[in-house]
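Computed from a prediction, not measured in an experiment: that's the story for all the values here. Here is how names work: the chains are called A, B, and so on, in the same order as the sequence lines, proteins then strands, and each is numbered from 1.
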Amino acid sequence: MQNFTDVDDKIINRAREEGDDPIKLAEHYIHEYFIDADALGINRADIHPRVSEHIPQIIAVIEGLIAKGYAYEVDGDVYFRVKSFPEYGKLSGRSLDDMLAGARVEIDERKEAPVDFALWKQAKPGEPYWGSPWGAGRPGWHIECSVMSTQYLGETFDIHGGGADLIFPHHENEIAQAEAYTGKPFVNYWMHNGFITVNSEKMSKSLGNFFILRDILARFPQDVVRYYLIATHYRSPLDFDDGKLEEARKALGRLKTTMLLAEEFLGGTEFRTTAVVEAELITRGMELQEKFIGAMDDDFNSAKALGYLFELSHQINAFIAGADYNRETDKAILGQAVEIFHNLGGVLGIFMDTKTVGQHRVDDVLSIILDMRDGARQDKNYALADSLRDFLNHHHIKVEDKANGSQVRYEKAPEIDEILNFLSALRQNFKVNKEYERADRLREELKNAGVTLKDTKEGVRWKIVDT
RNA sequence: GGGCGGGUGGCGAAGAGGCUAACGCUGUGGUCUGCAAAAUCACCAUUCACCGGUUCGAAUCCGGUCCCGCCCUCCA
């Protein structure tokens, strides 16, 4: 489950600035969050509870805490009595003395102790509020997480996640509230992720700056961003900058090339083979799979797991380099190995299909054809010029020759795949006729347009470089 | 000031007492190619911020020093 705190000071203040309703504003941000999370291939949780929908349960828990002597009311506010919970500080490794020594904020004199924190806050004018035994008000921070998580997951649950900056006081307070209330351990394992920064500037779920992610997604493919996130252990800090993302793009490209090479070798995208074959490659693949699983089992060490995936990539590439694609056993061996490779990549979710990303390149590529045609016409190579126009016409692209040059018109953008297949074939022709200058120039221009061509023994392959 | 975490090759990043200190990027040389690209093969840290200590053995444990990050608020 993943809960949303849709009632808190920041949201209320922001709503006031924008003259909006706080709950609606929170709704808006939740919606925006999902757009980015979906783009990164993050699965939705089964449950997404919100504070505003759990006020009665929260009030009930606060009443329970007061009844047990763990909390007290002062003028419509309710505070947690920290000294009544001796284990306070066990998560963050702090003692009450440390905290009193470090107190650097003016103390609210109404509280019994400076470290006591709010469970319920009396409503100020203009704030959203709900009725309670202590008057109109709203939940303090912290309490909503304890209440909602234990409601859906039970009084003790296995894993609680969150940013390392939340260890104190948020998670510490959650433990105090929940364990004081239930008398049972709250959480078995805490997973605290390191800070994410962008150009060394801190990013958090707080309102305001998580949209930076959207800027990054606008410039880099989703799977590259996802790869980059996974290539570092979750507890380590992570900094986004273009250079590092560029490096991630290349690294992931290496993995994807393996998939591509295998598809070509097998002549399709269906990897599964029925024949079980004994082979060195399979043995290595199974070993690496074991190691991969071991790494993931050991505190989600995705960085280490990726290392094994690269090793498997090497093994597969090397096998392909020395294999014969007319031999069925080679295909069977490769099929099994690639299936392992594909499955493990699927665990990390890094083999997203981003095929459509290159479509916007279509105009650049069309202008290359047009330039080539103009050149051919000037050389009076009308056979070539006309064949180019025929191709375009065939795809419902009109060519108009005007005094100051030619231009294309189309109603529906043609599939870039078809155009590139055509150009690849065209270049093959040039090569067969030993017109290397033409062939090289075409390759060069395509490269400038973000399309790389490669000659392989199976034929020409093109690839769009994502931007 | 106090608490927590961290400093590993040109860069990114695993490793947490004993296999050649993973893996990726970059770089160098060879194979392949008309030339490329991709792929492939080989090479690139006697050393893990610094100084001591424990141990047969330390990047990993202990003490100290120097840097860096986060937290210390009724901010989710």
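Residue A:Y227 places its side chain closer to B:rG24 than to any other of B:rG24, B:rC74, B:rG69. Across B:rC74, B:rG34, B:rC72, the shortest atom-to-atom separation from the side chain of A:K431 is found for B:rG34. Comparing B:rC74, B:rC70, B:rC35 by their closest approach to the side chain of A:F117 singles out B:rC74. Distances were taken from every side-chain heavy atom of A:R94 (C-beta onward) to each of B:rC71, B:rG34, B:rC25; the shortest belongs to B:rC71. When distances run from any side-chain atom of A:K121 to the nucleotides B:rC35, B:rU26, B:rC75, the shortest one goes to B:rC75. Nearest to the side-chain atoms of A:R443 among the listed nucleotides B:rC35, B:rG34, B:rC70 stands B:rC35.
Taking a 4.0 Å limit (strictly below) on heavy-atom distances, residues 306-313 of chain A reaches RNA chain B at A:G307, A:F310, A:E311.
B:rU47 sits 26 Å from B:rC66 when the P atoms are compared, rounded to a whole Å. Separating the P atom of B:rC61 from that of B:rG17 is a span of 7 Å, rounded to the nearest Å. Straight-line distance between the P atoms of B:rA58 and B:rA49: roughly 15 Å, to the nearest whole Å. If you take atom P in B:rA22 and the same atom in B:rA14, they sit 15 Å apart, rounded to whole Å. Look at the C1' atom in both B:rC62 and B:rU55: the space between them is 12 Å, to the nearest Å. Rounded to the nearest Å, the gap between the C1' atom of B:rC43 and that of B:rG7 is 28 Å. Rounded to whole Å, the separation between the P atoms of B:rC44 and B:rA21 comes to 12 Å. A gap of 14 Å separates the C1' atoms of B:rU60 and B:rG6, to the nearest Å.
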Next on the checklist: Strictly under 4.0 angstrom, non-hydrogen atoms only: write out the protein contact profile of nucleotides 6-19 of chain B, one letter per nucleotide from the 5' end, B, S or -.
Outcome noted: -------SSS----

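Among the candidates A:H171, A:E174, A:Q177, the single residue satisfying the side-chain contact (heavy atoms from CB on, under 4.5 Å) test with A:C145 is A:E174. When each of A:R50, A:Q57, A:H48, A:H54 is tested with A:M148 by the rule side-chain contact (heavy atoms from CB on, under 4.5 Å), just one qualifies, namely A:H54.
Of the side-chain N and O atoms in A:R254, one or more sit less than 4.0 angstrom from OP1 or OP2 of B:rC25. Between A:H314 and B:rG24 there is a side-chain N or O to OP1 or OP2 distance below 4.0 Å. In this structure, A:N317 does not reach the B:rA39 phosphate: none of its side-chain N or O atoms is under 4.0 Å from OP1 or OP2.
Straight-line distance from the CG atom of A:L166 to the P atom of B:rU73: 15 Å, rounded to whole Å. In this structure, the CD atom of A:Q315 is 13 Å from the C1' atom of B:rC41, given to the nearest Å. Look at CD1 on A:I167: it is 8 Å from C1' on B:rC71, rounded to the nearest Å. Protein atom CG of A:L453 is 16 Å distant from nucleotide atom P of B:rG34, rounded to whole Å. B:rC75 atom P lies 18 Å from atom CZ of A:R14, rounded to whole Å. Atom CG in A:D241 sits roughly 17 Å away from atom P in B:rC25 (whole-Å rounding). The CD1 atom of A:I350 sits 12 Å away from the C1' atom of B:rG24 (whole-angstrom rounding). Atom CD in A:E437 sits roughly 14 Å away from atom C1' in B:rG34 (whole-Å rounding).
Between A:D9 and A:R138 there is a salt bridge, since a side-chain N of the basic residue sits under 4.0 Å from a carboxylate O of the acidic one. The existence of a salt bridge linking A:E32 and A:R214 is confirmed by a sub-4.0 Å separation between a basic side-chain nitrogen and an acidic carboxylate oxygen. Using a cut-off of 4.0 Å between Lys/Arg side-chain N and Asp/Glu carboxylate O, A:K24 and A:E27 are scored as not salt-bridged. A salt bridge does not link A:K250 to A:E247: none of the charged nitrogens lies less than 4.0 Å from a carboxylate oxygen. Using a cut-off of 4.0 Å between Lys/Arg side-chain N and Asp/Glu carboxylate O, A:D38 and A:R44 are scored as salt-bridged.
Residue pairs meeting the salt bridge (charged side-chain N to carboxylate O under 4.0 Å, His left out) criterion with at least one partner in residues 442-451 of chain A, sequence neighbours excluded, are A:D440-A:R443. Applying the side-chain hydrogen bond (donor to acceptor under 3.5 Å, both in side chains) test to residues at least two apart or on different chains, the pairs with a partner in residues 310-319 of chain A are A:R254-A:H314, A:T258-A:S313, A:T258-A:N317.
Annotation: cation-pi pair A:K83/A:Y88 absent, no NZ/CZ under 6.0 Å from the ring centroid and within 45° of its normal.
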Just the table, please: protein N/O against nucleotides 58-64 of chain B N/O, every pair under 3.5 Å.
none

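A donor atom on one side chain and an acceptor atom on the other are found under 3.5 Å apart for A:Y234 and A:D299. Between the side chains of A:D116 and A:Y72, at least one donor N or O lies within less than 3.5 Å of an accepting N or O.
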Checklist entry - What's the verdict on side-chain hydrogen bond (donor to acceptor under 3.5 Å, both in side chains) for A:W462 and A:N421, showing C-alpha distance, side-chain angles and the deciding distance? => result CA-CA 8 Å; A:W462 54 262; A:N421 286 339; 2.8 Å; yes

Item to check | Criterion side chain to side chain contact (heavy atoms under 4.5 Å, CB included) on A:Y228 and A:L252, from CA distance to verdict | outcome: CA-CA 9 Å; A:Y228 184 61; A:L252 177 60; over 6 Å; no

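Each of A:A318 and A:K124 lies near RNA chain B, and the nucleotide nearest A:A318 is the one positioned closer to the 5' end.
Residue A:R427 is classed as a base contact, given a heavy-atom separation below 4.0 Å to a base. Among the heavy atoms of the strands lying under 4.0 Å from A:E144 are primed sugar atoms or P, OP1, OP2 only; no base atom is included.
Between A:Y181 and A:F80, the gap from one ring centroid to the other reaches at least 6.0 Å.
Both thresholds, 5.5 Å between centres and 30° between ring planes, are not jointly met by A:F168 relative to the base of B:rG3, so the two rings are not stacked.
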Next on the checklist: Only Watson-Crick and G-U wobble pairs with both distances less than 3.5 Å should count. Give RNA chain B in dot-bracket notation, marking inter-strand partners with |.
Outcome noted: ((((((((.[[[..)..(....]]].(((((.......))))).....[[[[[..)....]]]]])))))))....

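The local environment of CG in A:D46 is sparse, with at most 12 non-hydrogen atoms from other residues, nucleotides or ligands closer than 6.0 Å.
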